Structure formats: C-alpha cells, structure tokens
Amino acid sequence: MKSISFDATNALCGGILTAVGIFFAWQSFGLELGTALRMGPGYFPLVLSAVLILLGLTILVQSARVKGEPMGPIAIRGIFFILPAPIFFGLTVRGLGFVPAIFVTALIACFASSRMKPLWAIAVSLGLTIFSVAVFSYGLNLPFERFGPWTRF
C-alpha cells in the first residue's frame with residue numbers, strides 16, 4: 001500500500017488560498033447578497049471567494065498527486081525592475097503626462113531581463129507607447145493629458 005506524499009509548497013499555497021477564500025466568504029455574508037438578477041454588495045465578493053476556494057482546493061488536491069519541482073533562484077533583477085515600473089507610472093503620469101510616463105515605465109520594465117539590449121529596449125518602449133496612445137487616446141477617447149505640466153517648457 002502506497003502512502004500519500006504531499007508537495008509541501010503546493011499544499012501550503014493551496015491551504016492559504018482556501019483559508020483566505022473562506023475568510024472572505026464568511027465576511028461577505030455580513031453584507032446583503034441579493035440575487036443573481038439584483039446583486040447586492042456581498043454577491044460579487046462571495047462569488048470571487050468561491051472561485052478562490054475552488055482554486056485553493058484544486059491546488060491542494062494536486063499537491064497530493066504531483067511531486068513539484070524544487071524552487072529555483074529568486075529573480076532579484078526582475079524584482080528590482082518590474083515592481084518599481086508601475087509605481088513610477090502612478091507617481092508621474094499626472095506630472096509627465098501619459099506618453100513620457102508610459103515610455104519610461106516600459107523602459108524600466110524592459111531591463112528586468114539581463115538579455116535586453118539598450119537599443120532594443122528603446123524600440124520596445126517606443127512601440128508600446130505608440131500602441132498605448134493609439135488604443136487609449138484615439139481608440140477609447142480617454143480624457144488624459146498626453147504631455148503633462150512637467151514636460152511643458
């Protein structure tokens with residue numbers, strides 16, 4: 001008879017997701033739920049917590065069947081470039097405007113990879129900026145300044 005072995009990382013993650021989902025489901029019962037046609041303020045959090053519980057239980061069951069890979073090295077370079085990029089965007093979009101803020105944000109995020117060359121990073125950032133302006137400014141007509149007060153000379 002075989003004994004059940006758990007992949008500790010997946011079991012822990014599945015347990016945490018399930019526990020968080022149960023907590024938020026319990027908290028959503030304090031709000032008015034309503035019906036599917038007339039949703040109350042607690043309906044959507046309850047549905048999201050049910051999805052979270054389902055995903056957590058799925059990961060927990062998978063941890064009993066599949067032996068996971070050992071965790072690799074932590075990508076420190078990615079942490080130091082990916083995490084500050086949206087923070088930079090949020091702090092500068094009103095002052096710089098959308099175009100310079102999205103360009104510099106993309107440029108910061110490009111250097112998360114050690115294989116990224118500076119010229120290619122500029123090209124990718126420029127392409128992403130043009131695409132973003134085309135979609136958000138011209139396509140969706142969102143009311144934001146393309147160039148903010150910090151960039152006016």
Side-chain angles (χ1 to χ4, degrees), residues 7 9-10 12-28 30-60 62-63 66 68-153:
D7 177 20
T9 305
N10 284 346
L12 181 65
C13 290
I16 290 171
L17 286 175
T18 304
V20 168
I22 290 170
F23 173 76
F24 281 106
W26 177 59
Q27 291 295 318
S28 70
L31 301 169
E32 182 184 339
L33 293 178
T35 64
L37 294 175
R38 241 178 120 74
M39 297 178 199
Y43 189 85
F44 192 64
L46 181 63
V47 170
L48 287 180
S49 62
V51 170
L52 191 61
I53 292 168
L54 182 65
L55 288 174
L57 290 175
T58 302
I59 292 171
L60 199 57
Q62 288 276 337
S63 72
V66 178
E69 297 178 12
M71 201 160 107
I74 296 174
I76 299 294
R77 183 180 176 116
I79 291 172
F80 283 120
F81 283 104
I82 295 292
L83 290 178
I87 295 169
F88 173 83
F89 180 80
L91 292 175
T92 62
V93 70
R94 286 191 179 155
L96 287 175
F98 183 72
V99 173
I102 198 76
F103 179 79
V104 176
T105 300
L107 195 61
I108 292 169
C110 278
F111 289 108
S113 171
S114 60
R115 295 183 287 171
M116 182 63 72
K117 305 287 186 235
L119 194 59
W120 185 243
I122 291 171
V124 168
S125 299
L126 188 62
L128 182 64
T129 302
I130 291 169
F131 176 77
S132 297
V133 168
V135 169
F136 295 111
S137 183
Y138 296 111
L140 297 174
N141 290 325
L142 293 179
F144 56 77
E145 290 186 82
R146 287 186 197 99
F147 294 94
W150 296 351
T151 57
R152 295 186 188 119
F153 298 108

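The structure presented is a predicted model; accordingly, all values stated were derived computationally and were not measured.
In this structure, the side chain of Ser63 engages the main chain of Leu60 through a donor-acceptor pair within 3.5 Å. Of the possible polar contacts, none joining the Thr105 side chain to the Ile102 backbone as a donor-acceptor pair under 3.5 Å is found. Judged by distance alone, with hydrogens and angles left aside, the side-chain atoms of Ser49 form a donor-acceptor pair with the main-chain N or O of Leu46 at under 3.5 Å.
Heavy atoms only, all atoms of each residue included: Pro149 and Arg94 are closest at CD-O, 3.3 Å. Considering all non-hydrogen atoms of both residues, Ser28 and Gly42 come closest at CB-O, 3.7 Å. When all heavy atoms of Leu128 and Ala106 are compared, the closest pair comes out as CD2-CB, 3.6 Å. When all heavy atoms of Ala121 and Phe111 are compared, the pair lying nearest together is CB-CZ, 3.7 Å. Smallest separation of non-hydrogen atoms from Ile59 and Leu17: CD1-CD1, 3.7 Å. Across all their heavy atoms, Cys110 and Val124 have their closest contact at SG-CG1, 3.8 Å.
Counted by atom type alone, Ser137 and Arg146 present one or more donor-acceptor pairs between their side chains at under 3.5 Å.
In this structure, Phe136 and Phe98 have perpendicular ring planes: the angle between them is above 60°, well past the 30° mark.
Looking only at side-chain heavy atoms (C-beta outward), Gln62 and Asn10 stay at 4.5 Å or farther from each other. In this structure, Val99 and Phe103 have side chains that are not in contact, with every pair of non-hydrogen atoms separated by 4.5 Å or more. A heavy-atom distance below 4.5 Å is found between the side chains of Phe88 and Leu96. Side-chain contact check for Tyr43 versus Thr35: every heavy-atom pair is 4.5 Å or farther apart. Side chains of Thr92 and Trp150 form a contact here, defined as non-hydrogen atoms less than 4.5 Å apart.
Heavy-atom neighbours of Phe144 CZ from other residues, nucleotides or ligands within 6.0 Å: above the threshold of 12. Counted within 6.0 Å of CG on Leu119, heavy atoms from surrounding residues, nucleotides or ligands total 12 or fewer; the atom is thus considered open. Counted within 6.0 Å of CD on Gln27, heavy atoms from surrounding residues, nucleotides or ligands total more than 12; the atom is thus considered enclosed.
Of the inter-residue distances, the one linking Leu52 atom CG with Thr18 atom OG1 reads 7.5 Å to the nearest 0.5 angstrom. To the nearest 0.5 Å, atom CD1 of residue Ile53 and atom CZ of residue Phe23 are 12.5 Å apart. Here the straight-line distance linking atom CG of Leu31 with atom CG of Leu33 works out to 7.5 Å at 0.5 Å rounding. The NZ atom of Lys117 lies 14.0 Å from the CD1 atom of Ile122; values are rounded to the nearest 0.5 Å.
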